[in-house]
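Okay, structure first, notes after.
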There are 2 protein chains.
Amino acid sequence: MKSQYPDTIRLLVDAYSRLTPELQKAARFMVEHPEEIGLNSMRTVARDADVKPATITRLTKALGFREYEALREPFRQRLRTRSPEFAAKLQDVQRRGKTGSRSILSDLRAQEIANIEHSLSDDNLPIMDEAAQTMHESRRVYVLGLRGAHAPAFLFHYAYQLFQDNSQLLDTSAGIFADQLRGINSEDSLLVVSFPPYTQLTIDAVEYAAEASARIIAVTDSVVSPAANAAAHIIVTRNQSPSFYHSFTGAVGVMQALITLLVTKAGGDAVKIVEEAEKRLSRISAYW
Amino acid sequence: MKSQYPDTIRLLVDAYSRLTPELQKAARFMVEHPEEIGLNSMRTVARDADVKPATITRLTKALGFREYEALREPFRQRLRTRSPEFAAKLQDVQRRGKTGSRSILSDLRAQEIANIEHSLSDDNLPIMDEAAQTMHESRRVYVLGLRGAHAPAFLFHYAYQLFQDNSQLLDTSAGIFADQLRGINSEDSLLVVSFPPYTQLTIDAVEYAAEASARIIAVTDSVVSPAANAAAHIIVTRNQSPSFYHSFTGAVGVMQALITLLVTKAGGDAVKIVEEAEKRLSRISAYW
DNA sequence: CGCGGAATGAAACAAATGATTCATCTGTTG
DNA sequence: CAACAGATGAATCATTTGTTTCATTCCGCG
């Protein structure tokens, strides 16, 4: 008995674009909450995914399974084969839940830790490494992140520009957005950061870059995100938050991981270059 | 909502000797196959344990649970929450064997988690709460972060501006930096993010704000940082990184914590305001 | 031997599950 | 606008689930 969980996920992702909206909603929930599929009944899954039970049945048929149980089995198998060891670190953190704002904050801390753990997960490590390799081989690295995603995008660009001079941060100021991408071609790569609600401008830019055959690295919330549509490398980051706005901590962590990898690939000199650059850029405070 | 899987196992083990033979068989199976409890139906468990369904029901009652579902829940919860922790542990093992980029990345992950834990530590929680209160009571909130610190500063400003309109992000573009602070006074607060090497411009701005009696919230690396000199609230974030550049993950986490607190203080309407704002700001992609 | 009480198993039940059917809705095409 | 096909949802069905009830078995003691 071989574990076909990855195949099932791939099936879900590959079929995604051919599915109807309701089926997509169900498929997306499955990709994003794989544990719940193994743990709960079909009706419960349907309820949590905000979908009718019949939709789940239709999805199983649409994917080519004979019955729901066949679709569910890989998810269940995956949960079975995990390490029997139990570590309660996360729950310990959660357990400290106090009252009022302290409770919210400790909740937030637990979620941020989980965000980092998932964003820098084992699954993502090789993807990030390949993505870094792609960027390393690129003539030019375009960086795109609008609205909230500007923060991680900027951070990447700033750190990158300290040791390489072939990056360009796309911004919307002065309406020159489209012009900035004009020269992009297959030798270039585009690092795009995008989260729901996806900005139309971002999606348009990604499609433009894809048509120009540029390599796309997408940092986003799901493999079926529109920003990941034509991406060569999809880095999925968890972004849960107890607050109204999703967290960018995971995305920032990914950016810093990419920078770290790129510095390594750039060679040992890069570190010295960087140190010099930062010192040159600022007068160190007299305090230090 | 606390998860008591260890307690449940202990309960099973402790009660074991007092149970009747059939109940023991069931209890033993549960202890030895905890995953199956969370994954399968009661009847399936009974079949696998070679026991009648009624025996399982009797066991749940014998252990003091009201219904089977109550006994099953801890087992299920465990399968849900264990995955990230397990991933980290597995990676630690792998780290010793592998070389190169994977080792660096797992290093980075461990450090980022530590950064979050320290930045959102119990010591910092009350400070952040007070800082949020100060900002909440301010007429105007100035936000300052230059170079790398621009990322967390921008993130704060962007999220804040979604539900409040009294913030100003200080930037250096077009040489109008000094002008932007001109009107600051004792009713205002300045949220400043700064890390070594401290930018002189940042320190100057903080001193200017301090002379104007503005309340200063400093997010920085040390209580003796020049940026914290005149600060009313000092939020120390850890920023370690295996790379050349220090991490901003902790600072981003603090920013998001402050936003969370400020939304709470702003009242329940804020959430709706935000949702509307985001929708207005962007056309949702046709994909969704 | 047989009686009593507990342990066990078989049967029965309502509630739920997964699947199917059919009616309605939606959006497209001519 | 009409007409059609596909997508969706409501209703329904047989099956499975967790639980309870009741009959049977087991075993120690007189």
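Throughout, protein chains are lettered first and strands after them, A, B, ... in sequence-line order, and every chain is numbered starting at 1.
When rounded to the nearest whole Å, the span between CG of A/Leu59 and P of C/dA19 equals 12 Å. The CG atom of A/Leu19 sits 14 Å away from the C1' atom of D/dG6 (whole-angstrom rounding). In this structure, CZ of A/Arg47 is placed 6 Å from P of C/dT17, rounded to the nearest angstrom. Protein atom CG of B/Asn40 is 15 Å distant from nucleotide atom C1' of C/dT17, rounded to whole Å. If you take CD1 of A/Ile37 and P of C/dG18, they are 11 Å apart, rounded to a whole angstrom. Following rounding to the nearest Å, A/Met42 (CE) and C/dT20 (P) show an atom-to-atom distance of 11 Å. Rounded to whole angstrom, the span from the CZ atom of B/Arg72 across to the P atom of D/dG18 amounts to 7 Å. One can place CZ of B/Arg18 at 14 Å from P of C/dA7, the figure rounded to the nearest angstrom.
At the heavy-atom level, B/Ser41 lies under 4.0 Å from the strands shown only through sugar-phosphate atoms. Within 4.0 Å of A/Lys25, counting heavy atoms only, lies no atom of the nucleic acid at all. Nucleic acid contact for A/Pro53: none, since no nucleic acid atom lies under 4.0 Å from a heavy atom of the residue.
A/Ser247 and A/Ser241 form no side-chain donor-acceptor contact under 3.5 Å, judged by distance and modelled atom types alone.
Using a cut-off of 4.0 Å between Lys/Arg side-chain N and Asp/Glu carboxylate O, B/Asp122 and A/Arg109 are scored as salt-bridged.
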Solution key, residues 188-196 of chain A side-chain donor-acceptor pairs under 3.5 Å, sequence neighbours excluded:
| unit_1 | atom_1 | unit_2 | atom_2 | d |
| --- | --- | --- | --- | --- |
| A/Asp188 | OD1 | A/Arg139 | NE | 3.0 |
| A/Asp188 | OD1 | A/Arg139 | NH2 | 3.3 |
| A/Asp188 | OD1 | A/Arg140 | N | 3.3 |
| A/Asp188 | OD2 | A/Arg139 | NH2 | 2.9 |
| A/Asp188 | OD2 | A/Asn185 | N | 2.9 |
| A/Ser189 | OG | A/Ser138 | OG | 2.9 |

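Rounding to the nearest 0.5 angstrom, the gap separating the OG atom in A/Ser119 from the CG atom in A/Asn239 is 8.0 Å.
Checking the phosphate oxygens (OP1, OP2) of C/dA19, a side-chain nitrogen or oxygen of A/Thr57 falls inside 4.0 Å. Regarding contacts with the backbone of D/dT20, a side-chain N or O of B/Lys61 is found under 4.0 angstrom from either OP1 or OP2.
Shown here for B/Tyr16 and B/Ala27, the closest heavy-atom pair between the two residues is CD1-CB, 4.1 Å.
For A/Thr20, the listed nucleotide lying nearest its side chain is D/dA7; candidates were D/dA10, C/dA10, D/dA7. Residue A/Tyr68 has its side chain nearest to C/dA19 when only C/dA19, C/dT17, D/dG9 are considered.
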If the sugar-phosphate is the primed atoms plus P, OP1 and OP2 and the base is the rest, what is the B/S/- string for nucleotides 22-29 of chain D, using protein heavy atoms under 4.0 Å? --------

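Projected onto DNA chain D by closest heavy-atom contact, A/Val51 and A/Arg43 fall at different nucleotides, the more 5' of which corresponds to A/Val51.
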Verify salt bridge (Lys or Arg N to Asp or Glu O under 4.0 Å) between A/Arg215 and A/Glu130, making sure each step is shown before the conclusion. CA-CA 12 Å; A/Arg215 250 88 66 87; A/Glu130 291 160 15; over 6 Å; no

Assess the residue pair B/Arg80 and A/Glu36 against the criterion (salt bridge (Lys or Arg N to Asp or Glu O under 4.0 Å)); give the C-alpha distance rounded to whole Å, side-chain angles, the decisive distance to 0.1 Å, and a yes or no. CA-CA 8 Å; B/Arg80 250 192 273 272; A/Glu36 305 305 317; 2.4 Å; yes

